[in-house]
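Remember, predicted model here, so these are calculated numbers, not experimental data. Read the numbers this way: they start at 1 and go in the same order the structure lists the ligands and their atoms. Because only heavy atoms are used, hydrogens play no part in the values below, and waters and symmetry mates are left out as well, while side chains stay in.
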Amino acid sequence: MSMLQDKLTKLVPAYQESIKTFAKTHGEKVIGSVTVGALLGGQRGIKSLLCDTSEVPADAGLIVRGIPIMDLMDKLPEEVMWLLFTGEMPTAAELKDLQTDLEKRRQVPDFVWGAMEALPKDSHPMAVFNLLILALERDSVFRRRYNEGMNKDEYWKAALDDSLTLIARIPEIAAGVYRWRYDLGPRIAPKAGLDWAANYAHMMGVEDKDGGFTRLMRLYMVLHTDHESGNVSAHTCHCVASALSDPYYAVSAGLNGLAGPLHGLANQEVLKWLLDVLEKFQGNPTDEQLDVFARETLNSGRVVPGYGHAVLRVVDPRFTAFLEFGKKECPNAPVFKLAEQVFRVVPEILKGIQKIKDPWPNVDSISGSLLHHYGVTQPRYYTVMFGVSRAIGMCSQIVMSRAWGEPIQRPKSINFAALSKLAEA
Ligand code: CMX
């Protein structure tokens, strides 16, 4: 048993018990209400999901298990992974043990590559990536044990087993998609002794003379791990897993949601938008030119990608973390400079549009400008990188839900006639 499995075996019974007792004591308490506006407005603000891995206060942004994301900037993704699963930072021995466990699990079976190579090259990288995660489902321990009659109390253990294997294999799958999709040569094998994000950078084969790309990848993988449970990808994953579909099914489903342009695909849209600006003005524009360009986007009925958020009402701290990284590592890179300039110009425009609740940048408005600087110049690939990291958070949420025994989700829908009757009564 790995140290993470051992740690959770000690922590889970108390967690289970506290929720069971809480449900008995407070099961009938009212904690909120549902307005017609919320029902018709994408369920905004309805508190209906339990998530202990992270929270996103509107005025502060991501907090992972009580720690603001900015305080985790210099950590490894594996440390944040341990934090998400257990609520504590790992000791050096625990970190080492987790890395060793991931290393043991990371061999991607050959049939996965066969599935990839059967696809047309112009498939979207997110479609290929999600399909390969589904292909990994063949090895699901959760499904096998369920078929063998697994006791309910063991669900979380089998979900953890699958989660660890999935997280171990996901960088190689994502790097394989990158090299195949853009004809960059044969796949590069993982290297012993490298941490999880450094290995992902290594397997992508991006030239990295001063180690800047590896540093970016560590930060990127830390910043995108989790964002509570109400966003499209997390709550899709959560819902699918509640049917006891195993983590491969659930994470792949969640990542299909991440592939939407209003969610994770926004990072692709942002880079396309920034490159359009550079092309139109043959380089970095003046603030006035940028202002006109952004207003043209809005007037043509499109969104300015990377700006606004369903929950946040301040600058996304993950944006700030990337901004700090860029100022230190590549202050003069043209695309990064443009992303900084957009931050100066666009919020002032969005503040003037009454319906927009959040005029501030989210994480997607800047991440691609840094990737582009290091040579990852294919925006259609960016959401895959987001997905590699987000799989960690989704898996931690699945394990927590199976640990406390969350039942299958089944909110009630009503038709318009019934809604009208209720509202008018
Ligand atoms: N540009 C133009 N219009 C915007 C906008 C933007 N950046 N942000 C919000 N709006 C518009 C909405 O489209 C909506 O218009 P309609 O009422 O005409 O439909 C109106 O302002 C109100 O929206 P809101 O309540 O402020 O925001 P929502 O919760 O509805 O949507 C989000 C949130 C993120 C989908 C939206 O801000 C947006 O589309 N942003 C651009 C895409 C983006 O960056 N997405 C990534 C989000 C982070 C992530 O999930 O990864």
Side-chain angles (χ1 to χ4, degrees), residues 35 37-46 51 54-59 61-62 69 126 220-221 223-238 254-274 276-277 290-322 339 342-369 371 379 382-394:
T35 62
L39 186 150
L40 296 177
Q43 297 153 276
R44 291 295 182 290
I46 302 174
C51 176
S54 66
E55 56 188 307
V56 183
D59 60 353
L62 178 60
I69 190 66
M126 270 305 270
Y220 194 106
M221 293 297 132
L223 296 182
H224 288 85
T225 44
D226 205 44
H227 216 230
E228 58 116 286
S229 191
N231 61 74
V232 166
S233 51
H235 91 238
T236 302
C237 173
H238 194 122
L255 292 176
N256 288 333
L258 195 73
L262 296 188
H263 188 18
L265 204 81
N267 56 12
Q268 159 186 318
E269 300 300 292
V270 168
L271 203 85
K272 276 171 23 196
W273 195 85
L274 295 177
D276 283 351
V277 173
L290 187 57
D291 183 285
V292 171
F293 190 93
R295 286 181 199 277
E296 277 169 11
T297 300
L298 293 165
N299 293 339
S300 65
R302 289 173 292 151
V303 296
V304 176
Y307 280 75
H309 201 272
V311 173
L312 285 174
R313 296 295 174 259
V314 289
V315 174
D316 187 338
R318 300 169 301 170
F319 168 89
T320 308
F322 275 141
V342 175
F343 177 41
R344 203 165 57 233
V345 172
V346 162
E348 293 312 311
I349 303 173
L350 300 184
K351 278 184 209 166
I353 303 174
Q354 212 187 352
K355 68 177 182 179
I356 297 181
K357 297 189 191 71
D358 175 37
W360 301 113
N362 59 61
V363 67
D364 297 319
S365 71
I366 192 164
S367 54
S369 72
L371 294 172
Y382 292 174
T383 312
V384 172
M385 304 177 93
F386 189 155
V388 171
S389 169
R390 186 51 62 87
I392 297 179
M394 290 198 280

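Inside a 4.0 Å radius of atom 19 (O) of ligand 1 there is not any protein heavy atom. Under the 4.0 angstrom criterion, atom 48 (C) of ligand 1 counts as having a protein heavy-atom contact. Using a 4.0 Å threshold on non-hydrogen atoms, atom 2 (C) of ligand 1 counts as touching the protein.
Judged by distance alone, the side chain of T297 and the main-chain N or O of F293 form a donor-acceptor pair under 3.5 Å. Between the side chain of D358 and the main chain of H309, a donor-acceptor pair closer than 3.5 Å is present.
Going from atom CD of E269 over to atom CZ of R302 covers 10.0 Å, rounded to the nearest 0.5 Å. Separation of atoms CG (L258) and CG (N267) is listed at 8.0 Å; rounding is to 0.5 Å. The OG1 atom of T35 sits 12.0 Å away from atom CZ of R44, with the distance rounded to the nearest 0.5 Å. Rounded to the nearest 0.5 Å, atoms CG (L39) and CD1 (I46) are 6.5 Å apart. Expressed to the nearest 0.5 Å, how far CZ of F386 lies from CE of M221 amounts to 10.5 Å. In this structure, D226 CG and N231 CG are separated by 8.0 Å, a value rounded to the nearest 0.5 Å.
Of the listed options R44, K355, R318, R44 places a heavy atom closest to atom 30 (O) of ligand 1.
On a distance-only criterion, F386 and ligand 1 share no N/O pair closer than 3.5 Å. Where the criterion is an N or O separation shorter than 3.5 Å, residue side chain and backbone included, D364 meets it with respect to ligand 1. Ligand 1 has a nitrogen or oxygen under 3.5 angstrom from a nitrogen or oxygen of G306. Every N/O-N/O distance between A266 and ligand 1 stays at or above 3.5 Å.
Heavy-atom separations between N231 and ligand 1 are all 4.0 Å or longer.
F322 and Y220 have tilted rings, their planes meeting at an angle from 30° to 60° on a 0 to 90° scale.
I356 CD1, 3.6 Å is the protein heavy atom nearest to atom 4 (C) of ligand 1. Remark: minimum distance from atom 50 (O) of ligand 1 to any protein heavy atom is reached at H263 ND1, 2.7 Å. Among protein heavy atoms, the minimum distance from atom 24 (P) of ligand 1 is reached at K357 NZ, 4.0 Å. Nearest protein heavy-atom contact of atom 13 (O) of ligand 1 is V303 CG1, 4.1 Å. For atom 27 (O) of ligand 1, the closest heavy atom belonging to the protein is H309 O, 4.4 Å. Nearest protein heavy-atom neighbour of atom 38 (C) of ligand 1: Y307 O, 4.0 Å. Among protein heavy atoms, the minimum distance from atom 33 (C) of ligand 1 is reached at A310 N, 3.6 Å.
At a heavy-atom cutoff of 4.0 Å, ligand 1 is contacted by both the backbone and the side chain of L262. When non-hydrogen atoms are compared, ligand 1 lies under 4.0 Å from neither the backbone nor the side chain of V270.
Near L298, with a cut-off below 4.0 Å to any heavy atom, the atoms of ligand 1 are 1 (N), 2 (C).
A centroid separation of 6.0 Å or more is found between the aromatic rings of H263 and H227.
Taking a 6.0 Å sphere around CD of E296, one finds it holds more than 12 heavy atoms contributed by other residues, nucleotides or ligands.
Salt bridge status for R295 with D291: present, with a side-chain N to carboxylate O gap under 4.0 Å.
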